[in-house]
Each structure stands twice: as structure tokens, then as C-alpha cells.
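Structure record follows, encoded as C-alpha cells.
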Amino acid sequence: MPRYDAKRIEARWQEFWDEHATFKAAEPSDDTDKFYVLDMFPYPSGSGLHVGHPEGYTATDIVCRHARMNGKNVLHPMGWDSFGLPAEEHAVKTGTHPRETTKQNIETFRRQLKMLGFSYDWSRELATTDPEYYRWTQWIFLQLFDTWYDSAHEWTGPDGKLRTGKGRPVSELPIPADITDAGEEAVRRYQDKHRLAYISDAPVNWCPALGTVLANEEVIDGKSERGSHPVERVALKQWMLRITAYADRLAYELNDLDWPESIKLLQRNWIGRSTGAEVDFFIGDAGATGSVSAGVEDWKTTRSKGGWPAEPGDDVLRVYTTRPDTLYGATYMVIAPEHPFVDRLTTEEHKAQVVEYRRTASLKSDLDRTELAKEKSGVFTGSYAINPVNGEQIPIWVADYVLISYGTGAIMAVPAHDLRDFEFAVKFEIPIVQVVEPPASWEPTKDEAALTTEINGTKMTPFSAKGTAINSGEYSGTPTDDFKSKITDLLNETGLGQAAVNYKLRDWLFSRQRYWGEPFPIWHELDDAGNPTGLMRAETAASLPVLHPHMEDFKPTGTPQPMLSKATDDWLYKTDTDGTKLKRETNSMPQWAGSCWYFLRFCDNKNSEAFIDPALEKYWMPVDLYIGGAEHAVLHLLYSRFWHKVLFDRGHVSMVEPFQKLVNQGMILGDTDYNVPPEVFAANRDAIEAIGLEPLHLKVDDKEFVALRNPSPSADAYCPLTEDQVVKEKGKTILKGTTIELRGRTDKMSKSRRNVVNPDDVVRDYGADSLRLYEMFMGPLEQVKPWSMQGVEGVYRFLGRVWRMIIDDRAEDVILNERVTDAEPTDEQLRILHKTIKAVTADIDKLSCNTAISRMMEFTNFMSHEDSRPKSVLQPFVLLLSPFAPHIAEELWNVLGSEKSLAYEPWPTHDETLLVEDTVELPIQFNGKLKAKLQVPNGLNKAGMQAAAEADDAVKKQLAGKTVVKVIAVPGRMVNFVVR
RNA sequence: GCCCUGGUGGCGGAAUUGGCAGACGCACCAGACUUAAAAUCUGGGGUUCCGAUAGGAGCGUGUGGGUUCGAGUCCCACCCGGGGUACCA
């Protein structure tokens, strides 16, 4: 019964590939080009793969299979990003160790991926939770711990251009003399302050529900990214990674990468570099006396001699501004509620108000702060500062629209030229002084216009763009850009300010309080009383990995106390060889850690001497093609680039950037066809139950609906309706017995929406080749697109046609169709074949798999009608098909007479001369409108085309009685008569 | 708000980058095979108007304008969907 039997064929070839290790990457050698193609490795969740995973995986697999046939030495690995919260949450519920859950989930994922026939080199499989893997994650952390950023260090980058700033060993950190004099302990503390991995007690995002602290990036609208739980800001000692030191290089080194411009832009915006100036405003002993003018002149004189100090000191308030040209318009200052100067600037009279304001501000979570953002709030401290350019006294306020975490946590406010300052000044009746004249053509933006206010009888509108200076003393009349550089120079000369750069990017909060993450390889020194001294010791490389302690219970502590602090004393404490008592660091690393370097380990996953062999690193890196979801466009890609640069600076890897080419696949949407509003459900309840659907009342994003599902073995999965559950009339699909029309409405696939499509179901019904083909045929890889079961049916039918084109499906055995011959191919057959080879090859290079598949459909539609189907035409076609649908292709290749797998057969090439047709259709336009088509010999020149057109009867008829003004003939395209 | 995307038949999408709009597939309709169904095969179709038919004329790529012999593609303005981000001085 040799109908196209996907199940049999796929089992056979998957076994064959396994047995022959067909896809094992070869050892490095000089005579093959390497090609490293990487998928973003998955988190092995409990619910298994969904159809979104194989989208990118199929695309990379096609590229890899194609590359092998072109003689490349391909590295195509797969692994597991297996640390993470769900396994630990499962442990809390069931008591099953996360290690067990993780192991089972990995097995499911591996089975599902193998079932899809991806050509991974499984001998390189890795899991971030494997001690032999996280041993090296801990080792890399120690490299970060042992590195400081020398921002003055100059070196030549791989592009031959001079770079400034490089990570260097802490042992090479210059120690100031007064520190050295203060003794060894002071030196160690000084070093600790400069490490790329350091401990800070800045406010952090503590999420009680998840029992952990989160990175800024994991908090969305004041709620946790995972599960949308509320997040509070609390001060805690946490590990931070100094990614901000690399901000400039992270932005600059994007330039030469073959990434989508939109992703580069996303990263650049995230880094958010801005240039401007820092300026010191004199405050003297304001707050204590309420007066500031005393001592300004002395201070200015001292400054002009001594220059700009790195630390601002107590007598000044330092601000950051991108518009130093508006200094003359600064009419007040604002410091953040958390600013260290709040207390000393607050006068007795204002104390109560300020204390109260600060208290409310600290209680506000990030969410409140965003929600209340519409209304400006703040209080006056009672103190004043001196504007350095005009000597005026301006009041200092406290307001939460200034953030402690950006710039210096203090601003000079220029209400006339900043929208936020304008709004604040209007509310608190602070003077507004215009210092920039807008260009004549200026029209207020929507935001500017919205703020327009009448003050003392004059309408005032803020203006925040560039213009010409006014009311700015001798600088009046200077254009903005010009003024900016002049005033920066002046500030620099007088020691009152300096050009400065700021980033939105913050240092990376790198510790979590969970059990199921990498333990830190760090010990804290204890004094005789058992209290931490604040000094640390790193674990030696030889003693890694630091394994997890055994734990009986995984219940969160309910406090910011880390889970690992519940470990037994023999894990927590030890006495070092010098007699110092030590306590282990009990935080663990975030899930990002393992994914920051996994692509390196794939090159050399069994090495127990080093995290990677330098020779292998040099051979395989960089990743030539990296495909994954756009949700990692910022975080994962920024973090791993950062780690890579540190490893580069420390001489452990040979390239500054790990991922040469990046492509983001678009999300696959699920059907929400069967989700109806509650009232619609109520009206049709009986009919819905009569056809056997199970109503599920759901709530997603605060919207209630009823999901109508067929009973399904897996609770999250989507089950298509059957023929007899729907009625089709006039192109509309209506649920039987109801008025519910099922239209093509789609939404993100999610557990909570119960519209997840499970690949197991698809493979069971249609086979892996059909799933792969449909994933690619749906549309462009990078685009968002909806899943359709009928679409799978379509490509399945295509494979059936391919099968019958070559195989006799009425015979008992799998034998060739009688029309498959050894005859010489006809010119037309050759032309179609070579056209297909050309198009499919070009499409794979462009990752345009959907069009490649339609080309092969066209070939099949043509060849199925040929009475004689020469093997010499079918064989190359099967090779073309093989990257897309490898199982059926191997089977057909085999039946067409080859013993070996086709995995390393040379990729077919096309012969341009065979593509030429004898006659072509020539479109004839009149004034650009198509009026006729005629058959003409191929290769006519302009004159020939015109002559052929003019000789045609239909054209003659059109031309009759008209004057030809001009004739445009484009060889191979068309002829256009411009007539009157 | 700002930034990034996208908008083409009933649906998913093609269109060599300024040159025949709708490839390929789905769904739909009709026919063949069949006792029948499934499967398979064959054919059909953007739309409006004229015509009995053959055929012909007009309009069509979110909207309005522009450039051009010629625009889905380029330019200007706007509308709508999706994603990201949000007091970053």
C-alpha cells in the first residue's frame, strides 16, 4: 500500500540518521568552510513544544542542510536553557526536585525535536543545569569578578579603529597612594568597588509573589514580567554587573553586524546614549542658614584654578543636562526624593512637608509612579542655589519626576524649554524665562500646544526644539548647537562644568533568591562574632562547580532572604586555610546567565579543562546565523554581547561580537475563532452542548469570554472543529445550530487562551515533513502569521502529489511510477527544472522559504502532467526538496536508485543557457495601460519589439486615428505607446 | 506621546525592486471517476458596467495628493492594526 505514508518514512530515516550520525559536525580542517547556525535554545517547559518553536528551527535546518550539500562543515547544535522558576514552583507544589522535573521536560523536548527530523549534531547537546556546564558559568562569573573597566585604556579594534576603554584584571588596577597607605583591607575594598561584578545596596525590585528580586527589564508597568505580580522597591544588597561600562562599545560595535536595522535601533534606544554637560550649582551651606550668596565668589575663584572635580563635594548641587545652552533660563532646581542632599537642603520651616513627601514617594511602587505620572507633584526645600552663569538665586525643590537612577539625580529646570519643567512651573507658579527663540517656521507640537497656559495675561507655550538664544547675556543671538559647545567650553575653563555622557542603560541586577539557579562561587569573610566584614573571597577555579545544597523543602522564605540560606551549615560555612571563617553567598544567578555563553560551549561541549578550547573557538566562532524570537531582541542579545566583550577583553575569545547575522522569526498566532462573549454563549448554550463542545469560561487581560473547545487530551491545546460541527454557507462558516459565525480572528497562542497548537497532534495526523513545510509556507519568516490546520492539509496534499509523481501508488511495494524513465529530458522539462533550481537556491539564500516551496509546487504541477518523467530531472528536484521535507526526499532518493543518504549530495546548479525560451509574451501598453499581448521571438531589441508590436492587428486597431507621441520599449518587459 | 512594524481577493500570501497586480496554497463552485462516500483528477473565478454568446469598456494594492510614458513599489500628508517604550533632564 505505498500511498504516501509519512509515519513509516519518517521513522525509517530518523533511525538511519541516528545510526549513521549523519549530522555530526566534522573536526576543524583547512579545506572546508565552517558554518555555524544557531537556534535560540528553548526553556524546556512542562507543556512541551508548541508550533512556534519549530518555525525558527525549521528555517535554520533548511539553511544547514543546504549548506552541507554545498560542502560546508556545518555546526548545528541544540541544548536546553533549563534553569528557571517553573521547575521550582512545581517543586513547591509536589516536592519533586527541580532536577527531576527538568530532566523529564528535557526528554519531552528532545523527543519532540527528534520527531521533527532536525539535523542537529546531538553529540553536542548541553543543558545549563548540568554541573559540568554551570561550572563554567561560575568560572565566567569569576572572570567578571576579576575584571575592572579601564576607561582610559586605548587599543585597536578589529576594524582597525582606535577604541578607548577595556576590561583588565583587577590585579592591574592602579591603587591611589592614600588607599595603599591605609592598608591591605582598604585596598581590597577599593578593588571590590571597581569590579565588573560588585555588590550594591541600591533599591531593587522585590516581588513577594515570586519570592525574588527582578531586573529592571523583568518589571513591566510595576508588575513582574512573569505572572504579572506586584513588585515593590526595597533596599537590598545585591550583585550587580557593570554593563554600563560597556555601553558605548555595545552601541558602537553593532555597526558592522548583519542584523535587522530595527533590532540595532532597539538596542541603541535601550542603551539610550545622550550627550550634554554636568554643571555644578553653588549651594554653600544652604539649608542650615537658608542663604547661599556668601562664599560664591571665593568658590568660583578656587574652581577656576583647580578645575572640575570628579566628586562634586558638599557645597554644590551637580546636575546633568542635554541643553547647557538653556542655563540662563534655569529658574529652579529639582532633586529626586532619594537624593542624599534632601535632608541637608531642607530648612526647618519646610521639614515636615519634605519628610511627608519623601515618605509617600518611597511607598509608591513603580506602577503608582507611572499611573500618577499625569499630575506633577513636589515640595520646596526652602533652600536656594546659585546659577553659575548669571549669579541668580533659584529655589531647590524635591519632586519625583526626577529619578535618582539617571544622571546625577538632580536637574536644573528650564520651564520655557522643557515640557515637564513647564508643567511643574505652571502648577507651582515658578517664573518661566524664555531663552531660546524658535525658528520662524515653528509650529508647536501636539504636546507643546496641549500645555499652553495663560500666565498674567500672556499665552505661554513651551518650546523644546533648537532655535536661537535670547535673554542669554552676551550669547544672545547664538544658534542652539553653537551655543552648546561654547557654553560647555566656558564651563570647562571656569571649572564649573564639563561635557558629559549619560545612558538609560542601568547596571544589571544579577542576583536572585531562588534555589534553581547557579550558586555564586563567592565566600564572605566573617569576623570572630560571626558577622560579615564585607570582604569577599572567590572560589578557586579548580574547586568549581559549586553544587546546589540538598534541600527537603522548596517553600519560599516569604522574605527577601534567599532560598539557599535554608541550606545546612556544612554547605553554608567553612574555615579557610588561613583560619578565616567564611559564609557562602546564598543568592543565585538569574536565568539569563546560562544563555549568555551557551553558543561558545557548543563548539567544545565536553571540555573539562576549559570552558572552550581556543583553537575550536577560533575555528567555529562567530555564529554565522542566529535565528530566534524578537522577544530576545534586547535582553538576551545585549547580555550575551556584554559577556562576550568581557571574555574578549580578558583574552578568552577572539572576536568582539558573537553573532554575525541575526534574524528574528515572527510569532505564530492561534485561532480565537471559538472564543465568544459570555452573552453570545448564553444565547446558544444548548446548541453548543448538543454538538459536543466544552465551554470554558476564561479571563485574559481583564476580558471575559467563553472558549468553545472540543474535548482534548491536553488541557491547553486547541482542537479544530470537525466538518459536522459547522455549517458552510456563502463562504461563511457557522457553528451548527447557532448564529455564531467563525471568522479568521487570531491572537497570541497562550495557555490562558487555550489556543495552543501542539506539534504532536500535527505530526500524528500529517507527519513531520508536512509540519515543517507548513511552518515555512505560511509566510515570510520574520512576519507575524496565524496558524491554520487547513494550510497543513494543503502542503500534505502537495507531498502526496510529489509522491505519486515518482512512486506507483497502486503497486504492492514502493516502486517507481511507470512514467519515470531513463529518457533524455525535453527542452521544456530542462527549462522548468533549471528555473526551479535557480529560484529555490536564491530563495534559500534569502530565507524566503515560502516562495521556494511555491516554486517546487509549480514544478510538481508541471511534471505530474508529463507522460515521460526522466530520472535526470526528478533527481535534482528531490535534492531541492530535501532541506524542506528531508524524510520524503531521502525515501524518494532511495527509490530513484541511490544507496547513500542525500545529506551530502552536491546541491544542483542551474545552467543559465537552458532557461532561454524561444518565444515570449510581449505586453503592449497604451499610455501605460495594458491593451494587448503578443507572442514574439525572444531577444528582440527595442526596434524589433516596436516593429513586432506595430505589425500586430490588435495594435493597429488601437493606433488608428491617434498620434504617437513617443514609444517606450523595454527589452524583455513591454512596449508602451504614448498616444494622443 | 515617542520609536519600530505592517495595511494587496473570502483567507495565508506572490510580484525579478518603477514595467502584465493577485504566483503558490487554502476555502468556495462546477465536472470526471464511484452504487455512494472518501481519496484523486479536470475546470472556474478581483470587481462594476455593456453583451444572448464570443467579447468589450471602466475601476481596482488603507485614504487623499504628487513625480513618471508607466506607481503595490518613489515623494508629501493623513487613517487604521500589531509590537516596544514611557517623566531618561
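Reckoned from all heavy atoms, side chains included, excluding hydrogens, waters and symmetry mates. Below, read A as the first sequence line, B as the second, and so on, with proteins coming before strands; counting in each chain starts at 1.
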Go ahead and name the base partner of [N]; Watson-Crick or wobble counts if both distances stay under 3.5 Å, otherwise write none.
{"N": "B:rC26", "answer": "B:rG10"}
{"N": "B:rU53", "answer": "none"}
{"N": "B:rU34", "answer": "none"}
{"N": "B:rG18", "answer": "none"}
{"N": "B:rU85", "answer": "B:rG1"}

Original post:
Is the base of B:rC20 touched by the side chain of A:Lys933 through a donor-acceptor pair closer than 3.5 angstrom?
Top reply: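 It does, because a donor-acceptor pair links the side chain of A:Lys933 to the base of B:rC20 below 3.5 Å.
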Original post:
Toward the 5' end of RNA chain B, which comes first, A:Ser262 or A:Lys966, by nearest nucleotide?
Top reply: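 Result of the comparison: A:Ser262.
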Original post:
Want to settle it: does A:Pro923 or A:Glu793 sit nearer the 5' end of RNA chain B, counting the closest nucleotide to each?
Top reply: A:Pro923
Give the nucleotide from the list [options] with an atom nearest to the side chain of [X].
{"X": "A:Glu921", "options": "B:rC24, B:rC20, B:rU16", "result": "B:rC20"}
{"X": "A:Thr851", "options": "B:rC59, B:rA15, B:rU85", "result": "B:rA15"}
{"X": "A:Phe777", "options": "B:rG84, B:rA89, B:rC24", "result": "B:rC24"}
{"X": "A:Arg801", "options": "B:rC41, B:rG19, B:rA89", "result": "B:rC41"}
{"X": "A:Leu266", "options": "B:rC69, B:rA89, B:rG84", "result": "B:rG84"}
{"X": "A:Gln790", "options": "B:rA27, B:rU42, B:rG19", "result": "B:rA27"}
{"X": "A:Thr321", "options": "B:rA89, B:rC3, B:rC24", "result": "B:rA89"}
{"X": "A:Asp447", "options": "B:rC87, B:rC3, B:rG1", "result": "B:rG1"}

May I ask you to evaluate whether [X] reaches the phosphate of [N], defined as a side-chain N or O under 4.0 Å from OP1 or OP2?
{"X": "A:Lys785", "N": "B:rG82", "result": "no"}
{"X": "A:Arg268", "N": "B:rC4", "result": "no"}
{"X": "A:Ser274", "N": "B:rA89", "result": "yes"}
{"X": "A:His865", "N": "B:rU42", "result": "yes"}
{"X": "A:Arg797", "N": "B:rC26", "result": "yes"}
{"X": "A:Asn861", "N": "B:rG25", "result": "yes"}
{"X": "A:Lys504", "N": "B:rA86", "result": "no"}
{"X": "A:Asn850", "N": "B:rA14", "result": "yes"}
{"X": "A:Arg855", "N": "B:rG25", "result": "no"}
{"X": "A:Arg804", "N": "B:rA39", "result": "no"}
{"X": "A:Gln925", "N": "B:rC20", "result": "no"}

Original post:
Cation-pi between A:Lys376 and A:Tyr401: NZ/CZ under 6.0 Å from ring centre and within 45° of the ring axis?
Top reply: yes
Within the structure shown, what part of the strands sits under 4.0 Å from [X] by heavy-atom distance: base, sugar-phosphate, or nothing?
{"X": "A:Gln783", "answer": "sugar-phosphate"}
{"X": "A:Asn502", "answer": "nothing"}
{"X": "A:Asn976", "answer": "base"}
{"X": "A:Gly407", "answer": "nothing"}
{"X": "A:Met778", "answer": "sugar-phosphate"}
{"X": "A:Leu265", "answer": "sugar-phosphate"}
{"X": "A:Lys931", "answer": "sugar-phosphate"}

Could you tell me how far [M] sits from [N] if I compare only their [atom1] atoms? Round to whole Å.
{"N": "B:rC79", "M": "B:rU63", "atom1": "P", "value": "15 Å"}
{"N": "B:rU68", "M": "B:rC3", "atom1": "C1'", "value": "33 Å"}
{"N": "B:rC87", "M": "B:rG72", "atom1": "P", "value": "43 Å"}
{"N": "B:rG46", "M": "B:rG13", "atom1": "C1'", "value": "15 Å"}
{"N": "B:rG62", "M": "B:rG12", "atom1": "P", "value": "13 Å"}
{"N": "B:rA23", "M": "B:rG81", "atom1": "P", "value": "30 Å"}
{"N": "B:rA89", "M": "B:rG66", "atom1": "P", "value": "42 Å"}
{"N": "B:rU16", "M": "B:rA77", "atom1": "P", "value": "26 Å"}

Indicate the ring-plane relationship of [X] and [Y], choosing parallel, tilted or perpendicular according to the 30° and 60° boundaries.
{"X": "A:His636", "Y": "A:His632", "value": "perpendicular"}
{"X": "A:Tyr332", "Y": "A:Trp397", "value": "perpendicular"}
{"X": "A:Phe926", "Y": "A:Phe977", "value": "parallel"}

With no hydrogens and no angle check, do the side chains of [X] and [Y] hold a donor and an acceptor under 3.5 Å apart?
{"X": "A:Ser848", "Y": "A:Thr851", "value": "yes"}
{"X": "A:Tyr357", "Y": "A:Ser377", "value": "yes"}
{"X": "A:Tyr406", "Y": "A:Ser274", "value": "yes"}

**OP:** If the glycosidic angle is within 90 degrees of 0 it's syn, otherwise anti, so just tell me which one B:rU17 is.
**Re:** syn
Original post:
Atom OH of A:Tyr320 and atom P of B:rC87: how far apart are they, to the nearest Å?
Top reply: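 Rounded to the whole Å, the gap is 17 Å.
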**OP:** Please examine the side chains of A:Met776 and A:Ile62, heavy atoms only from C-beta on, and report whether any two atoms are closer than 4.5 Å.
**Re:** yes
Subject >> A:Tyr774 ring center near A:Tyr796 ring center (under 6.0 Å) >> reply: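 Not close enough - the centres of the two rings lie 6.0 Å or further apart.
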